[in-house]
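Remarks on the structure that follows.
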Number of protein chains: 2
Amino acid sequence: MLEPGALEIFKAHLKKNNLKFTTERFQILEEVFETHEHFEADELLDILKDKGFRVSRATVYRTLDVLVQCGLVNKLNFGGSSAKYEHVYGHTHHDHIITDDGEIIEFYDERIEELQKEIAEKHGIVLTNHVMQLYGYKKDSK
Amino acid sequence: MLEPGALEIFKAHLKKNNLKFTTERFQILEEVFETHEHFEADELLDILKDKGFRVSRATVYRTLDVLVQCGLVNKLNFGGSSAKYEHVYGHTHHDHIITDDGEIIEFYDERIEELQKEIAEKHGIVLTNHVMQLYGYKKDSK
DNA sequence: GTATCTGCAAATTCTTTGCAATGTC
DNA sequence: GACATTGCAAAGAATTTGCAGATAC
């Protein structure tokens, strides 16, 4: 489901940057908000093709870039060989726990967020973003 | 300077896994501990070549893997296209602040470490590792 | 001596790019 | 109608792999 407002943000960003609102960009935007999981560029391409849309890999990569730029999508790196993406709009910020069997748990902790700000401050840095990933295994699995 | 103990850990790991202690692996180990910064596989190769060692790129990648496996080296991902490495032994764990002009500041905060453990626990996860990178810009630069 | 290593160059994987045809504004 | 966009296939960048000769144990 395309979050209310996402389309407007996207269009505004396109206009501001002299970019055009094309069918392909719209289809990609929609699909990105359809998927409530982390996905790779290639997976998104496959889904789009399965649904009968005719989009190229190049356009998927190019459009994901645009979506990251306007803040509607996060680009993540969990250490694998390819980048993961997740849509952002309408979601609160969160971090990730990655288990050894590949499960991804999202969490948010206000106290850590505060400490991060404090630490950055101490080093004279204004935070714009952060990445925090906890790796581990399930207590009952080992 | 090769940290005292690192060589022993390396050799023990090799023996345990039926791997051989070769000239190349030793040269790479030494150089990894010579460099007190984050480096890429290719940069390490260049340094080794400059010093007159004859090592191949393949061996550098293969040996870095071994070093990561035995815990002497961390593989990091700051979002660029290539992985960064840093040696670990003798250093306390730390996280990173990455500024928009590419500077990397290391920090450690016990309180966050505790909270991370607590959060993982709450989700039934035993932490084995984590990644935390704060992105921002210098307060006086903008 | 045998099994592991190395270097090389080719192969892979993910991502980006140049270009001619096409679509938006 | 001008200029951005698309798809394609080729290029690029980082990393991995197969293999034949070299080396550690």
Side-chain angles (χ1 to χ4, degrees), chain A residues 7-8 10-32 38-49 51-70 73-85, chain B residues 7-8 10-32 38-49 51-70 73-85:
Chain A
L7 183 60
E8 287 68 24
F10 188 48
K11 281 186 164 175
H13 176 84
L14 293 178
K15 184 161 287 182
K16 195 170 73 177
N17 292 280
N18 228 31
L19 305 175
K20 290 179 177 162
F21 184 70
T22 63
T23 317
E24 290 81 1
R25 285 182 174 156
F26 178 61
Q27 289 167 348
I28 291 168
L29 172 70
E30 271 203 309
E31 193 49 49
V32 160
H38 306 99
F39 58 89
E40 300 177 6
D42 244 46
E43 291 169 355
L44 181 60
L45 178 66
D46 286 345
I47 295 172
L48 287 165
K49 293 229 159 148
K51 293 198 175 177
F53 296 124
R54 248 190 256 102
V55 197
S56 70
R57 188 187 319 283
T59 297
V60 167
Y61 275 104
R62 289 190 274 230
T63 302
L64 282 172
D65 266 2
V66 177
L67 289 170
V68 168
Q69 244 128 65
C70 66
V73 166
N74 263 342
K75 188 173 182 176
L76 306 163
N77 213 314
F78 292 139
S81 54
S82 52
K84 303 259 185 201
Y85 297 86
Chain B
L7 184 59
E8 288 68 24
F10 188 48
K11 282 186 163 176
H13 176 84
L14 292 178
K15 184 160 287 181
K16 196 171 72 175
N17 292 278
N18 231 31
L19 305 175
K20 289 177 175 162
F21 184 70
T22 64
T23 317
E24 290 82 0
R25 284 181 176 157
F26 178 62
Q27 289 168 347
I28 291 168
L29 173 71
E30 271 202 309
E31 193 49 48
V32 160
H38 305 100
F39 58 89
E40 299 178 6
D42 244 46
E43 292 168 353
L44 182 59
L45 178 65
D46 286 345
I47 294 172
L48 287 165
K49 293 227 157 150
K51 294 199 175 175
F53 296 124
R54 247 189 256 101
V55 197
S56 69
R57 188 188 320 283
T59 298
V60 167
Y61 275 105
R62 287 189 276 230
T63 303
L64 283 172
D65 265 1
V66 177
L67 289 169
V68 168
Q69 243 128 64
C70 66
V73 166
N74 264 342
K75 189 174 182 176
L76 307 164
N77 213 313
F78 292 140
S81 54
S82 52
K84 303 259 184 202
Y85 297 86

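Numbered from 1 within each chain, the chains take letters A, B, ... in sequence-line order. Because the structure is predicted, anything quoted here is derived from the model rather than measured. Atoms considered below: every heavy atom in the structure, side chains included; atoms not considered: hydrogens, waters and symmetry mates.
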For A:Arg54, give me all partners under salt bridge (Lys or Arg N to Asp or Glu O under 4.0 Å), at least two apart in sequence or on another chain. none
Closest approach of B:Leu48 to B:Gln27 (non-hydrogen atoms, all atoms of both residues): CD2-O, 3.9 Å
At what angle, to 10 degrees, do the two end axes of the helix from C:dG1-D:dC25 to C:dC25-D:dG1 meet, given five pairs define each axis? 40°
Applying side-chain contact (heavy atoms from CB on, under 4.5 Å), name anything that partners B:Glu24, two or more places apart in sequence or on another chain. B:Thr22, B:Val55, B:Thr59
Partner residues of A:Lys51 under the side chain to side chain donor-acceptor pair (under 3.5 Å) criterion, sequence neighbours left out: A:Glu31
Can you name the residues that form a salt bridge (Lys or Arg N to Asp or Glu O under 4.0 Å) with A:Lys15, not counting sequence neighbours? none
Under the ring-ring contact (aromatic ring centres under 6.0 Å, His included) test, which residues partner A:Phe26, sequence neighbours left out? A:Phe21
Which parts of nucleotides 15-25 of chain D does protein reach within less than 4.0 Å, heavy atoms only, written one letter per nucleotide 5' to 3' as B for base, S for sugar-phosphate only and - for none? BBBB-----BS
Working to the nearest 0.5 Å, report the span between CD1 of A:Ile28 and OH of A:Tyr61. 12.0 Å
Along DNA chain C, first and last positions that approach a heavy atom of chain A under 4.0 Å: C:dC14 to C:dC25
Nucleic acid contacts of residues 10-18 of chain A, taken as heavy-atom distances under 4.0 Å to DNA chain D: A:Asn18
I'd like to check the salt bridge (Lys or Arg N to Asp or Glu O under 4.0 Å) partners of A:Asp65; sequence neighbours left out, ordered by chain and number. none
Given A:Asp46, A:Asp42, A:Leu45, the one that forms side-chain contact (heavy atoms from CB on, under 4.5 Å) with A:Val60: A:Leu45
Atom-to-atom span, CG of A:Leu45 to C1' of D:dC8 - whole angstrom: 13 Å
The criterion is side chain to side chain donor-acceptor pair (under 3.5 Å); which residues satisfy it with A:Lys20, sequence neighbours excluded? none
Where B:Cys70 and B:Phe10 come nearest, the two heavy atoms and their spacing: SG-CD1, 4.2 Å
Check: residues 74-83 of chain A side-chain donor-acceptor pairs under 3.5 Å, at least two apart:
unit_1: A:Asn74; atom_1: ND2; unit_2: A:Glu86; atom_2: OE2; d: 3.2
unit_1: A:Asn77; atom_1: OD1; unit_2: A:Gly79; atom_2: N; d: 3.4
unit_1: A:Asn77; atom_1: OD1; unit_2: B:Asn77; atom_2: ND2; d: 3.4
unit_1: A:Asn77; atom_1: ND2; unit_2: B:Asn77; atom_2: OD1; d: 3.4
unit_1: A:Ser82; atom_1: OG; unit_2: A:Glu40; atom_2: OE1; d: 2.9
unit_1: A:Ser82; atom_1: OG; unit_2: A:Glu40; atom_2: OE2; d: 3.2

